[in-house]
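Here is the structure we will look at.
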Number of protein chains: 2
Amino acid sequence: MLDLDDYLPYLLNRAGSRIARAFTRELRAHGITLPIWRVLAALQHRDRQSVSQLADSTAIDISTLSRILDQSERRGLAARARGVASDARSIELRLTPAGRALARRITPTALNYERTALAGLSPAEERQLKRLLVRVHANMAGLSGKGARGA
Amino acid sequence: MLDLDDYLPYLLNRAGSRIARAFTRELRAHGITLPIWRVLAALQHRDRQSVSQLADSTAIDISTLSRILDQSERRGLAARARGVASDARSIELRLTPAGRALARRITPTALNYERTALAGLSPAEERQLKRLLVRVHANMAGLSGKGARGA
DNA sequence: TCGAGTTATTTGCATTTGCAAATACATTAG
DNA sequence: CTAATGTATTTGCAAATGCAAATAACTCGA
């Protein structure tokens with residue numbers, strides 16, 4: 001029988017949910033939701049992404065993301081531009097100045113939460129944790145698509 | 001500005017979401033959803049939990065969990081028993097034989113996914129990753145409650 | 001024993017989610 | 001050039017989510 005305390009998906013979900021929930025509350029003070037923050041952070045990190053690129057990098061379902069972009073656009077935080085890229089099917093997303101400013105304002109709080117989450121870990125442990133998470137993410141690449149079959 | 005590729009909440013969410021999505025699809029073959037699987041796994045791991053204990057261990061919001069338990073009960077996978085514990089306010093949750101059997105049937109697939117996620121990591125790295133995730137989870141303990149204030 | 005104050009669970013309700021179908025644009029074959 | 005097919009994004013819709021309010025049950029003091 002499964003030993004949950006040693007089962008990666010469980011440990012990952014638990015840790016991730018706690019951080020997400022705590023940060024969601026923090027974001028209320030800034031008037032936005034966690035998904036919107038994710039969009040801001042991802043576009044701040046790399047601007048002019050397409051919707052599908054952004055869906056992939058934020059791990060938000062593309063149809064859900066489409067609606068989060070509606071909200072972001074309505075609030076004047078991000079903008080869609082069709083036909084800008086070579087392929088007019090895709091849409092180029094950009095942060096507005098207001099969106100960029102908001103992302104910058106939230107960043108210190110975000111880093112604060114990260115520090116809390118990592119409290120007590122040595123710099124080496126922190127690096128190791130992040131590296132391993134990147135590898136796990138890469139390992140699941142093929143399986144997260146649409147027609148993925150069982151491992 | 002935030003370097004996402006080195007930002008723990010982002011890395012955690014990405015990795016966790018990929019595993020969750022892939023496993024959700026896998027669970028369809030067994031006729032259940034991811035939240036129900038989490039309930040089964042948690043109760044298999046430790047039976048006779050109360051609703052709030054289970055909410056805490058599965059990282060599912062308690063009101064959402066209440067409804068997931070409705071489903072689990074309707075499907076004959078879990079059962080609620082009021083007044084069994086010393087305190088009749090709390091409810092004792094138990095897996096039914098069918099629930100236990102289903103959990104056992106799914107376990108090999110679950111372990112398979114974990115192996116996929118951990119592919120290429122040495123046993124030491126795997127242990128380290130899990131240990132660090134436990135510590136991160138513990139670090140966020142205070143902040144995930146209801147009236148939690150910012151870090 | 002009654003009631004004020006607490007904690008555990010459920011329910012009401014507005015919002016969010018994700019799958020599947022629809023739409024928009026592109027490409028390639030004939 | 002048109003049809004057929006393929007990829008990017010959005011929309012319809014039923015189900016899931018999470019906060020806040022309601023309910024159930026306990027505790028303790030007068």
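Here is how names work: the chains are called A, B, and so on, in the same order as the sequence lines, proteins then strands, and each is numbered from 1.
Between the CG atom of L65(A) and the P atom of dA8(D) there is a distance of 14 Å, rounded to whole Å. Distance L27(A) CG to dG18(D) C1': 16 Å, rounded to the nearest Å. If you measure from atom CD1 of I62(A) to atom P of dA24(C), you get 17 Å, rounded to the nearest angstrom.
DNA chain D is contacted by both V51(A) and D61(B); V51(A) maps to the nucleotide lying nearer its 5′ end (nearest heavy atom per residue). With the nearest nucleotide of DNA chain D identified for both I68(B) and E92(A), E92(A) has the one nearer the 5' end.
Between the side chains of R46(A) and Q49(A), not a single donor N or O lies within less than 3.5 Å of an accepting N or O.
A donor-acceptor pair under 3.5 Å links the side-chain atoms of R135(B) to the main chain of G120(A), judged by distance alone. Checked by atom type and distance alone, the side chain of Q53(B) pairs as donor or acceptor with a backbone atom of S50(B) at under 3.5 Å.
Residue contacts shown for T33(B) are absent, as no nucleic acid heavy atom lies under 4.0 Å away. Residue contacts shown for S90(A) are limited to sugar-phosphate atoms, with no base heavy atom under 4.0 Å away.
If you check dA24(D), dG18(D), dT9(D) against the side chain of R82(A), the one that comes closest is dT9(D).
Put simply, S63(B) has no side-chain N or O that comes within less than 4.0 Å of OP1 or OP2 on dC19(D). Checking the phosphate oxygens (OP1, OP2) of dG6(D), no side-chain nitrogen or oxygen of R89(A) falls inside 4.0 Å. Between R67(B) and dG18(D), a side-chain N or O to OP1/OP2 separation shorter than 4.0 Å is absent. At dT10(D), one or more side-chain N or O atoms of S66(A) fall inside 4.0 Å of OP1 or OP2 (strictly under the cut-off).
Salt-bridge annotation for R21(A) and D61(B): present, with a side-chain N of the basic residue lying under 4.0 Å from a carboxylate O of the acidic one.
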